[in-house]
Protein chains: 2
Amino acid sequence: MWKASGVNVFRLSRITDYGIVLMAHIAEQGDGSLHSARDVADQTELPLPVVSKILKSLTREGLLRSHRGSKGGYSLERSAAEITVPQLITALDGPIHLTECASHSGACAKEASCHVREPWQRINAAVEEALARITLSDLISTTPGSIVPLISLGVDTRELDTAAEKGRG
Amino acid sequence: MWKASGVNVFRLSRITDYGIVLMAHIAEQGDGSLHSARDVADQTELPLPVVSKILKSLTREGLLRSHRGSKGGYSLERSAAEITVPQLITALDGPIHLTECASHSGACAKEASCHVREPWQRINAAVEEALARITLSDLISTTPGSIVPLISLGVDTRELDTAAEKGRG
DNA sequence: GATTAATAGGACCGCATCCGTACTGTATGT
DNA sequence: ACATACAGTACGGATGCGGTCCTATTAATC
Ligand code: FES
Ligand code: FES
């Protein structure tokens with residue numbers, strides 16, 4: 001049977017995926033290091049036009065600082081520890097909106113009667129906040145396991161907890 | 001300047017969005033209630049073909065039970081408290097894979113040299129687990145605030161914590 | 001000053017895919 | 001028998017992502 005969707009949905013764009021790889025690569029060389037688009041493309045084995053396009057966007061969004069002219073290149077605008085995952089996503093994919101409806105008010109004619117709008121707004125904010133705990137320096141950390149406890153969940157044990165327990169079974 | 005992407009990315013499909021609305025509507029009437037596709041379409045003010053398509057998918061994925069023939073309709077296969085958000089998403093949009101690369105091994109030729117693959121796998125699992133804490137009954141809960149603490153994060157205070165603090169500033 | 005190297009900005013098009021609809025078949029109650 | 005309602009599939013349009021290319025601008029070097 002068909003699947004309603006499932007390939008491109010609830011997924012970061014390839015541009016963003018690559019963008020994070022590029023940022024990680026730059027950050028690995030040190031916060032102040034300078035890299036030309038060609039160097040980054042060679043070392044990451046990604047096509048140069050794509051790399052160039054992404055780095056230009058990241059610069060425009062304030063995550064990279066560019067140095068034009070010969071011997072130019074890109075360097076981190078802020079330290080890797082100050083760059084969070086949602087900043088990377090927002091820079092390339094735009095603001096995080098898990099659903100089209102529940103995001104910006106006025107987008108859906110059924111707002112008044114819709115009962116799931118508000119919960120989704122909370123979920124959206126929660127996911128974004130969860131991702132905001134992760135910085136670029138965490139992504140390039142060579143000690144595996146450092147991220148594991150970063151996104152552990154603290155659920156307060158009220159009646160909903162038991163429901164969630166059953167739901168996971 | 002152009003934006004690399006930003007409209008359809010990192011976003012649930014409309015089908016899934018509607019699907020959750022439909023499930024919430026059915027769940028609101030009680031776990032055992034029976035609803036025809038037409039009734040649900042009328043009450044949610046969504047086009048009947050779309051509603052029908054979504055309900056069929058949800059049935060095939062085991063979230064709804066169908067009753068064919070006259071006086072037929074759909075009812076919840078499991079209790080609303082046992083249906084989690086990732087189950088809804090997976091049923092309509094397929095498995096949750098935030099990135100194409102880091103998800104299934106073998107999809108990317110740069111796996112060996114890629115340093116962000118493993119972190120992203122952890123992030124993906126963490127987001128999915130976070131969403132799994134939310135059940136359908138939570139979404140239809142009339143008492144706002146019940147979801148807020150559900151996705152609070154517990155960060156263990158090691159050196160990374162301070163980095164995250166700075167990153168949010 | 002000429003040259004080279006590198007980024008800035010935008011235009012362009014192919015192609016995948018999401019969205020909504022339509023159609024036929026099957027089961028069930030009256 | 002008939003009406004009702006779900007099952008499964010096929011189809012076309014529109015949208016937007018993806019990758020590439022081109023020109024202008026800036027800066028270092030000789
Ligand atoms: S806000 Fe659009 S359906 Fe809920
Ligand atoms: S796994 Fe594909 S670039 Fe990291």
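Quick note on labels: first sequence line is chain A, next is B, and so on, each numbered from 1.
Pairs engaging residues 94-116 of chain B under the salt bridge (Lys or Arg N to Asp or Glu O under 4.0 Å) rule: A:R14-B:E100, B:E111-B:R117 [sequence neighbours left out].
Of the possible donor and acceptor atoms, one in the side chain of A:N124 sits under 3.5 Å from a partner among the backbone N and O of A:I96.
With contacts defined as side-chain heavy-atom distances shorter than 4.5 Å, the pair A:L64/A:L76 qualifies. Within the 4.5 Å cutoff, side-chain heavy atoms of A:R78 are placed close to those of A:Q87. Residues A:V9 and B:I15 form no side-chain contact, since every pair of their non-hydrogen atoms from C-beta on lies 4.5 Å or further apart.
Here the P atom of nucleotide D:dC17 and the CD atom of B:E100 are 15 Å apart, to the nearest Å. Summarising the geometry, the separation between CG on A:L55 and P on C:dA5 is reported as 19 Å, rounded to the nearest angstrom. Atom CD1 in A:I54 sits roughly 14 Å away from atom P in C:dT7 (whole-Å rounding). For the pair A:R38 CZ and C:dT7 P, the computed distance is 9 Å after rounding to whole Å. Between B:L92 atom CG and C:dG20 atom C1' there is a gap of 15 Å when expressed in whole angstrom units. Rounded to whole angstrom, the span from the CG atom of A:L34 across to the P atom of C:dA5 amounts to 16 Å. Rounding to whole angstrom units, CG of residue A:D39 and C1' of C:dA5 are separated by 12 Å. The CD atom of B:E61 sits 13 Å away from the P atom of D:dA7 (whole-angstrom rounding).
Between B:S66 and D:dA7, a side-chain N or O to OP1/OP2 separation shorter than 4.0 Å is present.
Across all strands shown, B:S52 has no heavy atoms under 4.0 Å from either base or sugar-phosphate atoms.
Every residue two or more places apart in sequence or in another chain that forms a side-chain contact (heavy atoms from CB on, under 4.5 Å) with B:H67 is listed here: B:L34, B:R65, B:S75. Remark: A:Y74 engages no residue in a ring pair (Phe, Tyr, Trp, His ring centres under 6.0 Å) (not counting sequence neighbours). The side chain to side chain donor-acceptor pair (under 3.5 Å) search around A:Q29 returns none, not counting sequence neighbours.
In this structure, the separation between CG on A:L139 and CD1 on A:I20 is 7.0 Å, given to the nearest 0.5 Å.
Listed nucleotides: C:dA8, D:dA5, C:dC19. Nearest to the side chain of B:S36: D:dA5.
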Could you list all N or O pairs between the protein and nucleotides 12-14 of chain D that sit under 3.5 Å apart?
none

For a quick check, with a 4.0 angstrom heavy-atom cut-off, what is the B/S/- contact string for nucleotides 19-30 of chain D, read 5' to 3'? BB----BBBS--
